[in-house]
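Order of the sequence lines fixes the chain letters, A, B, ..., with proteins taken first and strands second; residue numbering starts at 1 for each chain. Hydrogens, waters and symmetry mates are skipped; everything else that's a heavy atom, side chains included, is used.
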Protein chains: 2
Amino acid sequence: MTTRWLTPEEQRAWRAYVAASLLLEDAIDRQLQQDAGMPHLYYSILSVLSESPERRLRMTDLAERLKITRSRLTYAVTRLEKDGLLRREACRYDKRGSIAALTDEGFAVLERAAPGHVDTVRSFLFDRLSEEQVGQLEEISAAIAQGLQEDGTRPAADDVPWRRRSSPTCS
Amino acid sequence: MTTRWLTPEEQRAWRAYVAASLLLEDAIDRQLQQDAGMPHLYYSILSVLSESPERRLRMTDLAERLKITRSRLTYAVTRLEKDGLLRREACRYDKRGSIAALTDEGFAVLERAAPGHVDTVRSFLFDRLSEEQVGQLEEISAAIAQGLQEDGTRPAADDVPWRRRSSPTCS
DNA sequence: TAGGTTTGTTTCAAACTTGAACCAAGCCCG
DNA sequence: CGGGCTTGGTTCAAGTTTGAAACAAACCTA
């Protein structure tokens, strides 16, 4: 089968998208690195934890929410733990499990960094978009993400759906 | 001044966007790594070169088009040069300059990889979006990119505009 | 034209990411 | 029970990115 190349419109959209996402991620990383001494992903880890019940989450669940590999998460958590921003705890119900728990210091760091981060996201993203566009962005993003998730490590169609639950947060 | 937090709509859009861009970039990187043995950025370098006059471009111009730092480009170009996919040439008009020139092998690799890459972009992105959404994505991306560019290394307002030209491609 | 600044590029060390092992601990089924 | 398969996490080496520093050539400007 011969390739269906991108139409000019698609080309333009693709290039604009790639450029924008690079620039945006860069800007956000730089701001957070400056103001909080950590890249965006690390900030996100703290952020997700802060919103989780008891401010703790199992590694796998955390990786799942952040859409990153376990390996990447392990590295990041190790660093954050060294910095005292979170603690690893053992899981009582599943001895394989490891739980990342935000420390008070981690929470404090997050609180200090949040305003600057939000300002950045606002000024580089939302201040540039109309309300309508914000909605469009969400829909487009959701569509993309959906297509990429159901794929993942192919659940193989005949997989038993109710078995695909993530393990308990072990609270 | 007190922080203007994100509205729920903005929150949703932001999270969806972050997730989508992570997943998409991951998927594309993996596909290209598999099929062409290089990450997305490296493929883009070859691609940009292939469309440039004489398939060559100065480092700075290349970095500018790709929206990456010179340092990052240097590293990537060094690798690609080792692989024989491009060559560095001296610039005759500006002895500081360095030019990246696509080799025939580089072009061949690009040609082989292109169909798979396009398929991936198509199936993960454009197949999921309506025509309308493609247009929206372009506009949104352009708006974001614009805001982030004019910033860059602040041209300092009083800068002389006509001096800000990029150097000749030195063809 | 000498000295100071800017511009183009590379270099270097430290930080981060990747993917493929690896090691347990749970799970399953005979 | 006792293997074998799956799952949760980490480890390790190789590759990539970052940002600051180093250089060198080009460009002023007095």
Side-chain angles (χ1 to χ4, degrees), chain A residues 22 25-34 37-43 45 57-64 66-83 88-100 153 155-156 159-160 163-170, chain B residues 22 25-27 29-34 37-42 45 57-64 66-83 88-100 153 155-156 159-160 163-170:
Chain A
L22 256 173
E25 195 45 20
D26 262 30
I28 289 176
D29 266 335
R30 250 197 311 286
Q31 184 270 320
L32 281 171
Q33 193 68 57
Q34 286 272 317
M38 68 183 77
H40 186 197
L41 174 66
Y42 292 57
Y43 175 92
I45 292 175
L57 223 43
R58 279 190 67 155
M59 294 297 279
T60 297
D61 296 331
L62 199 42
E64 162 63 22
L66 294 166
K67 313 303 179 201
I68 62 174
T69 62
R70 294 194 191 72
S71 159
R72 190 176 177 184
L73 179 61
T74 295
Y75 180 89
V77 162
T78 303
R79 196 261 231 198
L80 291 172
E81 187 173 29
K82 254 178 211 130
D83 294 350
R88 258 189 256 247
E89 295 175 358
C91 176
R92 271 169 299 166
Y93 308 137
D94 181 344
K95 279 179 195 148
R96 293 169 301 182
S98 176
I99 299 190
T153 45
D159 209 33
V160 190
R163 288 268 296 91
R164 301 198 61 64
R165 291 284 53 237
S166 84
S167 33
T169 300
C170 196
Chain B
L22 256 174
E25 194 46 20
D26 260 31
D29 265 335
R30 249 196 313 283
Q31 184 270 320
L32 280 170
Q33 193 69 56
Q34 286 273 317
M38 66 184 76
H40 187 196
L41 173 66
Y42 292 58
I45 292 176
L57 224 43
R58 279 190 68 155
M59 294 297 278
T60 297
D61 297 332
L62 198 43
E64 162 64 21
L66 294 165
K67 314 301 178 201
I68 60 175
T69 62
R70 294 191 192 68
S71 158
R72 189 177 177 184
L73 179 61
T74 294
Y75 179 89
V77 162
T78 303
R79 195 260 233 201
L80 291 171
E81 187 173 31
K82 255 178 209 128
D83 294 349
R88 260 188 254 247
E89 294 176 358
C91 176
R92 272 168 299 166
Y93 308 138
D94 182 343
K95 280 180 195 149
R96 294 167 301 181
S98 175
I99 299 190
T153 44
D159 209 32
V160 189
R163 290 269 294 93
R164 303 195 59 63
R165 292 283 54 238
S166 86
S167 34
T169 301
C170 197

Please confirm whether the shortest side-chain N or O distance from [X] to OP1 or OP2 of [N] is below 4.0 Å.
X: B:R88; N: C:dT10; result: yes
X: A:S98; N: D:dT10; result: yes
X: A:R58; N: D:dG9; result: yes

Between [X] and [Y], which heavy-atom pair has the shortest distance, and what is it?
X: A:M38; Y: A:Y43; result: SD-N, 3.6 Å
X: B:G97; Y: B:R58; result: CA-NH2, 3.1 Å
X: A:P39; Y: A:R79; result: CD-NH2, 4.0 Å

For atom [atom1] of [X] and atom [atom2] of [N], their distance in whole Å:
X: A:I68; N: C:dG19; atom1: CD1; atom2: P; answer: 13 Å
X: B:R70; N: D:dA22; atom1: CZ; atom2: P; answer: 18 Å
X: B:L73; N: C:dT9; atom1: CG; atom2: P; answer: 9 Å
X: B:E25; N: C:dT17; atom1: CD; atom2: P; answer: 14 Å
X: A:D26; N: C:dC16; atom1: CG; atom2: P; answer: 15 Å
X: A:K67; N: C:dT18; atom1: NZ; atom2: P; answer: 16 Å
X: B:L57; N: C:dG8; atom1: CG; atom2: P; answer: 13 Å
X: A:R96; N: C:dG26; atom1: CZ; atom2: C1'; answer: 4 Å

Taking N or O atoms only and anything under 3.5 Å, show me the protein contacts with nucleotides 13-17 of chain D, one pair per line.
{"from": "D:dT16", "atom 1": "OP1", "to": "B:R79", "atom 2": "NE", "distance (Å)": "3.4"}
{"from": "D:dT16", "atom 1": "OP1", "to": "B:R79", "atom 2": "NH2", "distance (Å)": "3.0"}
{"from": "D:dT17", "atom 1": "OP1", "to": "B:R72", "atom 2": "NE", "distance (Å)": "3.3"}
{"from": "D:dT17", "atom 1": "OP1", "to": "B:R72", "atom 2": "NH2", "distance (Å)": "2.8"}
{"from": "D:dT17", "atom 1": "OP2", "to": "B:Y42", "atom 2": "OH", "distance (Å)": "3.3"}

- Task: Give B:T74 one of three labels, base, sugar-phosphate or nothing, depending on what nucleic acid heavy atoms sit under 4.0 Å from its own.
- Result: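 Base contact.
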- Query: Going by an N to O cut-off under 4.0 Å, is there a salt bridge joining A:K67 and B:D26?
  - Reply: no
- Identify which one of A:L41, A:I68, A:T78 satisfies the side-chain contact (heavy atoms from CB on, under 4.5 Å) criterion when paired with A:L73.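 Among A:L41, A:I68, A:T78, the one that satisfies the side-chain contact (heavy atoms from CB on, under 4.5 Å) with A:L73 is A:I68.
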- Hey, which of A:L80, A:V77, A:I99 is the one that makes side-chain contact (heavy atoms from CB on, under 4.5 Å) with A:R88? A:V77
- Within the side chain of A:D29, is there an N or O that forms a donor-acceptor pair under 3.5 Å with the backbone of A:H40?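 A pair under 3.5 Å: yes.
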- Query: DNA chain D: A:S71 or A:D29, which has the more 5' nearest nucleotide?
  - Reply: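 By nearest-heavy-atom nucleotide position, the 5'-most residue is A:S71.
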- Task: Could you say whether A:T78 or A:Q34 is positioned toward the 5' end of DNA chain D, judged by the nucleotide with the nearest heavy atom to each?
- Result: A:T78
